[in-house]
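Heads up, the thing below is written out as structure tokens.
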Amino acid sequence: MISAKPSITKSLSHSPRILQLKKHIVPRLLRWYRRNGRELPWRKERDPYRVLVSEIMLQQTQMSRVLQKYPLFLKRFPSFQTLARAPRSQVIRAWQGMGYNNRAVRLQQLASTVLHQYRGRLPTSILELQKLPGIGPYTAHALACFVHKVPHPVVDTNVSRVLKRLFPRELKPTQRVSEDINRIWALAHALLPHRHAYDWNQALMDLGALVCTAANPQCSKCPISQACPSAHKITRGRVRRKKQERGRDAIPNRIYRGRIIEFLRHRTNGRGVTFSLVACAVKANYTTKDERWLRGLIRGLERDGLLTIRKKKGNVFLTLPD
DNA sequence: AAGGCGTGGAA
DNA sequence: TTTCCAAGCCT
């Protein structure tokens with residue numbers, strides 16, 4: 001659990017500026033949310049399982065993609081039980097188009113854990129939730145609030161961006177990234193209106209997604225721009241260069257991983273497909289000098305539970321796991 | 001603590 | 001065409 005140091009939390013919740021801003025901001029943003037908030041399927045769900053699926057799908061994934069896949073996945077796997085007992089291959093196939101396939105594996109592992117260790121009930125506490133596979137600080141807090149209605153703050157990339165712009169002084173980056181993260185959570189906690197935690201969290205995320213966007217924020221449409229030191233002063237999003245990823249032919253390894261799984265989704269039948277067939281399907285101009293590299297990728301996918309390696313008569317066959 | 005991990009539409 | 005990015009998590 002992300003827990004702010006008490007001293008920081010206390011100083012924040014007692015800061016005159018924080019208190020004044022909170023009094024000003026909370027009612028305005030909640031009013032804006034009632035009028036402009038998005039109507040999303042998971043916002044009216046009561047079943048913990050169905051909310052959980054939405055939160056996992058939304059990790060680093062665009063709304064439009066989730067809106068498309070969410071109902072299909074729930075129809076195929078309506079409960080912890082059906083998901084836990086399904087063949088892994090079916091879960092991976094249902095995840096097609098979502099990206100980050102590890103999430104599908106962890107979600108199924110989570111379903112199994114909930115079924116067998118928690119009697120089919122999703123844990124309530126942040127601590128227990130965060131022990132589950134695929135659930136980190138954000139998702140644990142989101143589930144506590146959105147499923148169990150416990151007044152916890154949530155900090156995702158949207159909330160983080162909004163708060164940094166609203167409190168540039170309090171959240172000025174330090175030397176340590178972990179310290180920066182602690183401060184954001186502490187501030188989110190200090191701002192939280194406990195009686196309206198659910199709507200407040202959703203409102204902050206909607207504001208970040210619709211108005212206070214990373215590039216070209218619409219400050220003129222922002223309900224709290226009056227209280228925002230950064231209003232109309234944001235010229236451009238950060239242009240931080242990312243380090244080049246390891247791969248082949250300027251294509252990152254994870255792209256090849258994705259291609260391998262995508263190929264197996266469609267071409268796997270019965271015995272599976274041979275190593276060489278996968279090799280040709282996945283990389284243009286595949287040669288034997290790529291063999292060591294490709295074997296490494298496949299080993300990694302096997303470790304992640306995303307495929308199964310079978311050896312018959314000296315040949316290697318690949319399939320999605322049972 | 002930094003780097004690995006997909007996908008496909010938009011800029 | 002290329003680049004960038006979107007409700008994070010894990011090691």
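Labels below follow one simple rule: chain letters A, B, ... track the order of the sequence lines, proteins then strands, and each chain is numbered from 1. Since this is a predicted model, take the numbers as computed values, not measurements.
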Any N/O donor-acceptor pair, A:Arg254 side-chain to B:dG6 base, under 3.5 Å: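 Per atom types, the contact qualifies.
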
Reckon [X] has a side-chain N or O less than 4.0 Å from the OP1 or OP2 of [N]?
X	N	value
A:Lys243	B:dG3	yes
A:Asn102	B:dC5	no
A:Ser64	B:dG9	no

Span that lies between the [atom1] atom of [M] and that of [N], in whole angstrom:
N	M	atom1	answer
C:dC9	B:dG9	P	26 Å
C:dT1	B:dG8	C1'	16 Å
B:dG3	C:dA7	P	23 Å

Which part of the nucleic acid, if any, lies within reach of [X] when heavy atoms closer than 4.0 Å are counted: base, sugar-phosphate only, or nothing?
X	value
A:Pro133	sugar-phosphate
A:Gly136	sugar-phosphate
A:Leu301	nothing
A:Arg161	nothing
A:Arg106	sugar-phosphate
A:Trp42	base

Straight-line distance of A:Leu187 CG to A:Glu170 CD, nearest 0.5 Å: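 Output value for this atom pair is 7.0 Å.
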
Upstream residue (5' side of DNA chain C) when A:Ile135 and A:Arg65 are each assigned their closest nucleotide: A:Arg65

Step-by-step salt bridge (charged side-chain N to carboxylate O under 4.0 Å, His left out) determination, A:Lys283 to A:Asp249: CA-CA 9 Å; A:Lys283 183 182 183 303; A:Asp249 297 346; 3.0 Å; yes

Aromatic contact, A:Phe146 with A:Trp42 (centres under 6.0 Å):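 Distance test on ring centres: not under 6.0 Å, no.
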
Whole-Å distance separating the CG atom of A:Asn101 from the C1' atom of C:dC10: 15 Å

A:Leu307 and its side chain to side chain contact (heavy atoms under 4.5 Å, CB included) partner, picked from A:Thr319, A:Ile298, A:Thr268, A:Ile92: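 Single pass found, and it is A:Ile298.
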
Distance-only donor-acceptor check, side chains A:Glu45 and A:Ser54, under 3.5 Å: no

Residue whose closest nucleotide on DNA chain B lies nearer the 5' end, A:Arg257 versus A:Ser178: A:Ser178

Closest approach of A:Leu192 to A:Pro153 (non-hydrogen atoms, all atoms of both residues):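 Between these two residues, the closest heavy atoms are CD2-N, 3.8 Å.
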
Residues touching DNA chain C, which here means a heavy atom under 4.0 Å, drawn from residues 48-59 of chain A: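 Nucleic-acid contacts, sorted: A:Glu55, A:Leu58, A:Gln59.
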
